[in-house]
Amino acid sequence: MKNNFSLLLLFSIVFSVSGQNLPAGYWTLEKSQAILNKTQISYLSPNLSSLSKEELDAIQKLNEVGKIFQTLYELQRYPQSIKSLQLLQQLDKSLNAPVATQNLLTLYRLNQGPIATTLENKREPFLPVKNELAGGGLYPADATKAELDAFLESNPDLRSSMLHPRTVVRRATAKNIQSDLDTLKKYPVLGFLHADLKKTLQAMKPNPKSFYAVPYSLAYAAPLIRSCQLLNKAAAILEKSDPEFSGYLRNRSRDLLSNDYESGDAAWVTGHFKNLNCLVGSYETYDDQLYGVKTFFAFTVLLSRPTETENLKTALGYIQELENSLPYTNHKRVKQDISVGVYDIVSDFAQARGGNTATILPNESLYSKRYGRTILIRANILQNPEILASSLKNFQVAVQPEQGKDLTADGDFYRTLWHELGHYLGVDRTKNNEELDATLQEDADIFEEMKADLVSLFVAEALQKKGYYTTEQLRSIYAAGIKRVLQNNQPRRSQPYNTMQLMQWNFYLENGLLEFDKKTGRMTIHYDQYHEVVNKLLTKVLDIQYQGDKAAADKFIEQYTKWDEALHGVIAKNIREQQVYRFRLFKFGALGE
Ligand SMILES: [Zn+2]
């Protein structure tokens with residue numbers, strides 16, 4: 001630390017003269033500004049005035065856990081992240097916070113680490129750090145995939161621990177083994193919960209060509225023990241007023257140390273909470289670019305929207321009827337008490353931070369089979385004014401001007417909500433009782449996501465007849481269904497969402513739901529055709545899933561992914577041209593931002 005500081009003093013003398021010139025490895029003002037010019041800031045700040053003092057106190061404790069998770073997530077992705085941030089903060093201070101370093105601090109926040117996504121969609125360090133590692137901080141930095149593969153090949157018994165969703169892989173050096181044993185000794189609770197681990201580590205012969213894995217609870221012992229304590233404090237505060245939520249927090253606090261999420265997941269998915277909810281844990285694997293198996297920390301504090309959640313529960317009363325109305329035979333029994341709620345985001349941390357509109361967890365199939373999954377609809381993202389404004393513009397440049405006003409804030413909200421419920425309806429196994437993933441393979445996601453999109457649109461008419469939607473809402477949901485399929489670029493086949501959206505777009509054009517006008521470069525929506533065309537496409541999708549016919553699936557995808565520069569290209573270009581922002585940075589009122 002001392003060395004860095006004197007070095008920084010030198011920097012500050014040399015560089016403060018020129019003001020904006022930073023030491024080597026730090027992006028110039030020009031470079032950072034180019035990205036920030038394309039970045040929009042969105043504030044999430046739901047009204048917390050109806051909450052009790054206990055609930056507000058609990059939120060504070062939870063936010064403290066969130067901050068710990070934020071740091072853990074950055075370390076999971078880049079081992080050098082926190083160090084590089086500290087150096088940047090010192091540099092910023094020593095230069096009296098010029099725009100150049102302030103910009104880099106914003107870039108760090110935006111990218112949750114020292115590597116930026118550029119305007120050319122490339123990944124590049126903007127601080128003096130090494131290039132990004134595919135395995136982040138979860139595998140040894142000096143180990144190649146080939147080396148790990150070979151090791152796993154000759155040590156198959158270590159496969160399950162090394163590729164476990166919540167372990168860190170290490171080289172079996174004497175130093176690493178000793179350091180892990182020291183941690184176990186320092187925190188007896190871990191030694192107690194992971195009794196075998198101590199024996200295993202003690203028996204291990206150091207060999208730098210060998211590897212072993214330790215649970216996150218050991219690898220991140222101090223921050224997770226601190227998180228456990230804070231979760232228990234929040235649980236104690238809410239014990240009387242919200243016993244089920246309090247119980248969930250207590251269970252989850254123990255999970256963080258046992259590295260086993262079953263009790264917390266069960267309490268989370270089956271619990272009935274009052275005003276608050278909280279996503280706590282390490283669940284999604286998107287950031288593991290080496291093996292795609294390691295999960296990353298995420299944390300969200302959510303405030304329930306009781307009216308919307310109640311309305312939704314009423315609509316869930318029709319869920320079997322809606323299932324029976326879908327265009328296929330062999331209907332199934334649907335669980336009516338699906339765990340689903342509509343929420344405002346109070347604060348997002350780590351892997352959960354971003355513009356995602358809904359969360360469904362847990363992923364581990366054993367627990368989701370045993371206890372179900374919970375759906376969290378993120379309302380203040382879905383209804384965020386800046387996001388809505390830019391998505392409205394995409395729609396408005398694509399359709400006839402008089403239809404541009406059909407899309408309102410409700411459209412995307414309900415379309416997304418029923419997309420999530422749509423995953424529960426329709427075909428879930430083939431006629432031969434096989435898993436859809438296993439039979440349709442890489443096509444499975446395309447059909448599953450398209451089914452969910454189409455179910456959402458298909459049931460809208462029936463829900464309007466039942467009084468759940470107004471006529472205006474129905475029209476807005478239909479408009480949102482069209483906005484959903486628009487593309488600003490020709491999708492790659494490896495993008496399942498965009499591919500299935502393009503397929504819908506083409507099917508709608510072919511079947512007269514959409515009509516393209518070459519002169520204006522815009523489309524007309526024929527609402528009178530809407531339900532029928534959706535019905536026709538949904539029939540086809542459900543049939544392909546039920547037959548489990550991979551060849552038919554491939555053919556159908558091939559048939560409906562055509563891209564015509566004179567049609568799709570024109571609309572894509574018009575959309576691109578009106579898009580001012582490429583990146584979005586979220587800030588949170590509950591964090592004093
Ligand atoms: Zn989906």
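Both ligands and their constituent atoms are indexed starting at 1 by order of listing. All heavy atoms count here, side chains included; hydrogens, waters and symmetry mates do not. None of the values given here were measured: they were computed from a predicted structure. Residue numbers start at 1 and run along the sequence shown.
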Legend entry - Mutual orientation of the aromatic rings belonging to Phe507 and Tyr560 [parallel < 30°, tilted 30-60°, perpendicular > 60°]: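 Phe507 vs Tyr560 ring planes: tilted.
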
Inset, instruction - If the plane angle is over 60° it's perpendicular, under 30° parallel, otherwise tilted; pick one for Tyr530 and Tyr478. - result: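 Tyr530 and Tyr478: parallel rings.
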
Inset, instruction - Enumerate the residue pairs fulfilling salt bridge (Lys or Arg N to Asp or Glu O under 4.0 Å) with a member in residues 578-591, sequence neighbours excluded, ordered by first and then second residue. - result: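 Every candidate salt bridge (Lys or Arg N to Asp or Glu O under 4.0 Å) pair involving residues 578-591 fails, so no pair, neighbours aside, qualifies.
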
Inset, instruction - Indicate the atoms forming the closest heavy-atom contact of Asn488 with Ile575, along with that distance. - result: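 Nearest heavy atoms, Asn488 then Ile575: CB-CG2, 3.8 Å.
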
Legend entry - With Tyr508 via ring pair (Phe, Tyr, Trp, His ring centres under 6.0 Å) - residues at least two apart: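 Checked Tyr508 against ring pair (Phe, Tyr, Trp, His ring centres under 6.0 Å); zero matches.
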
Legend entry - Count, waters excluded, of protein N, O or S atoms under 2.8 Å from the Zn ion (ligand 1):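 Step by step: take the Zn ion (ligand 1), keep protein N, O, S below 2.8 Å, and you get 3.
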
Legend entry - Contacts of type side chain to side chain contact (heavy atoms under 4.5 Å, CB included), residue Glu449, not counting sequence neighbours: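 So Glu449 forms a side chain to side chain contact (heavy atoms under 4.5 Å, CB included) with His419, His423, Tyr497, Met500.
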
